[in-house]
There are 2 protein chains.
Amino acid sequence: MAERGRPRNFDKDAALARAMEVFWLKGYEGASMADLTSAMGIASPSLYAAFGSKEDLFRKALDYYVASEGGLIWGAVTETHTAHQAVETFLMQTARVFTRRSRPPGCLVVLSALHPNEHSETVRRELVQRRAQAVTELRERLRRGVERGEISPAADLDAIAKYYITVQQGMSIQARDGATRKQLEQIAAAALAAWGPLTAPTPTAH
Amino acid sequence: MAERGRPRNFDKDAALARAMEVFWLKGYEGASMADLTSAMGIASPSLYAAFGSKEDLFRKALDYYVASEGGLIWGAVTETHTAHQAVETFLMQTARVFTRRSRPPGCLVVLSALHPNEHSETVRRELVQRRAQAVTELRERLRRGVERGEISPAADLDAIAKYYITVQQGMSIQARDGATRKQLEQIAAAALAAWGPLTAPTPTAH
DNA sequence: CCAATTATTTAGTGATCGACACAGAAATGG
DNA sequence: CCATTTCTGTGTCGATCACTAAATAATTGG
């Protein structure tokens, strides 16, 4: 049973992947419909018929990004045994994923819409929420480290999670500025040097 | 001796300060001429006569920002005695300056132009350069810490400087997402927890 | 074959972008 | 007073923005 009517003559998933790359590179506002249709190889009426609107397309591209690119980082994190390994993997995978050739540097979730704007405010809020979700996921991973006796119960898990997410977000800027994978790994290693003091029974020495 | 011709009807410095706030909040591309003229209280021909073009205006606003807002951070840093105090002051002043009421959150230098774009490419490159300059300045401050015997000669000063600048850049994102001053200070404190391991004679334990 | 349905193509829509032409207003120099 | 200079207000330029109406093409159901 094929669909009724004229069949679409482009691959919807492939077009979405192209759109994701354009948003990733240029940001939500910075990606024009001309940029998108050109990269996707279709005319704008086809885009609107298939995806709804620019904002709808972005949200689908965002889901696609979180599933594919985000999965590369968080998938590896879930395979770790200790909380320390989880954070180390999180930052090292970040260094790798943020610096792949022929992929835009940095993170789409972090970079796509940082400024308040009438036309992109709902998109911006969605991204703020996704960034907060990353903190929650990392904090949950740390909590299991406390249960295993790996992290001091006195440790401020929310602060630690926010700290490492903040480092990752800074790495997006660094990647955009042309940092190499090795440089990002050095930054990650420096951030990991705080692990001992942060998770030890006596958390911070003033 | 007053100037020849009709005198300017507005305060140029005050208008520049308004323009800086608009660019700071909305970014370079996101700040429209309508936004700027409205905030500056002048019509566009007056803006072009006084400042040249949108890009010229941005560069003047950028200089103004670095001198005023940047001075709040780096001025305090230069008054410190130890390298550790310098980095601590750098991050704590950042937490304060990024979260002042009725000022846009985060840093203009970090947030204004992150995406490549035909119309803003020269501005973007200027900002990349300024961010690299921050690394250089911090690294230079660390170097004096080595001379004082405060930091191990084996420490990788460039990596340490890049690390703390990266944390500050991540704090710009966090500030944009609504982080409070206290939350940014907790992030700063967590980042400072790495200081001991990073600067001790045995820098990183693998 | 025909009707119904869906997609693509062509050619635009009004709105907004940064920038400016032009004329009038407000000052100085003589 | 007049000429010169500089700034301001009105209006608008061509380009680009996201988006779409209308006609045509390609498929299925009967």
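What you see is a predicted model; the values in this text were computed from it and never measured. Residue numbers begin at 1 in each chain, while the letters A, B, ... track the order of the sequences.
- Across all strands, A:S44 comes closer than 4.0 Å to base atoms (heavy-atom distances).
- Using a 4.0 Å heavy-atom distance criterion, A:P45 is classed as a base contact.
- Between B:F51 atom CZ and C:dG18 atom P there is a gap of 16 Å when expressed in whole angstrom units.
- Per the geometry, OH belonging to A:Y48 stands 4 Å off C1' belonging to D:dC19, to the nearest Å.
- For the pair A:Y28 OH and D:dC17 C1', the computed distance is 12 Å after rounding to whole Å.
- Counting to the nearest Å, the C1' atom of D:dT8 and the NZ atom of B:K12 are 16 Å from each other.
- In this structure, the CZ atom of A:R8 is 17 Å from the P atom of D:dA26, given to the nearest Å.
- Of the side-chain N and O atoms in B:S46, one or more sit less than 4.0 angstrom from OP1 or OP2 of D:dT8.
- Checking B:R6 against B:K54, the closest nucleotide of DNA chain C that is more toward the 5' end is the one next to B:K54.
- Between the CD atom of B:E29 and the C1' atom of D:dA15 there is a distance of 14 Å, given to the nearest Å.
- Between A:W195 and A:Y164, the angle of the ring planes lies from 30° to 60°, which puts this pair in the tilted group.
- Side-chain atoms of B:R4 and base atoms of C:dA27 include no donor and acceptor less than 3.5 Å apart.
- Note: CD1 (A:I42) to P (D:dC19) measures 14 Å, nearest angstrom.
- Of the candidates A:Q174, A:Q169, A:Q168, A:Q174 is the only one forming a side-chain contact (heavy atoms from CB on, under 4.5 Å) with B:T166.
- Of the charged side-chain nitrogens involved, none lies within less than 4.0 Å of a carboxylate oxygen, so that B:E21 and B:R18 do not count as a salt-bridged pair.
- Taking atom NE2 of B:H119 as the reference point, atom C1' of C:dG18 lies 9 Å away to the nearest angstrom.
- Taking side-chain N and O atoms only, B:N9 has no distance below 4.0 Å to OP1 or OP2 of C:dA26.
- Without hydrogens or angle criteria, A:S112 side chain to A:V109 main chain gives no donor-acceptor distance under 3.5 Å.
- Contact check on B:K60 versus B:D56 returns no salt bridge, with no Lys/Arg side-chain nitrogen under 4.0 Å from an Asp/Glu carboxylate oxygen.
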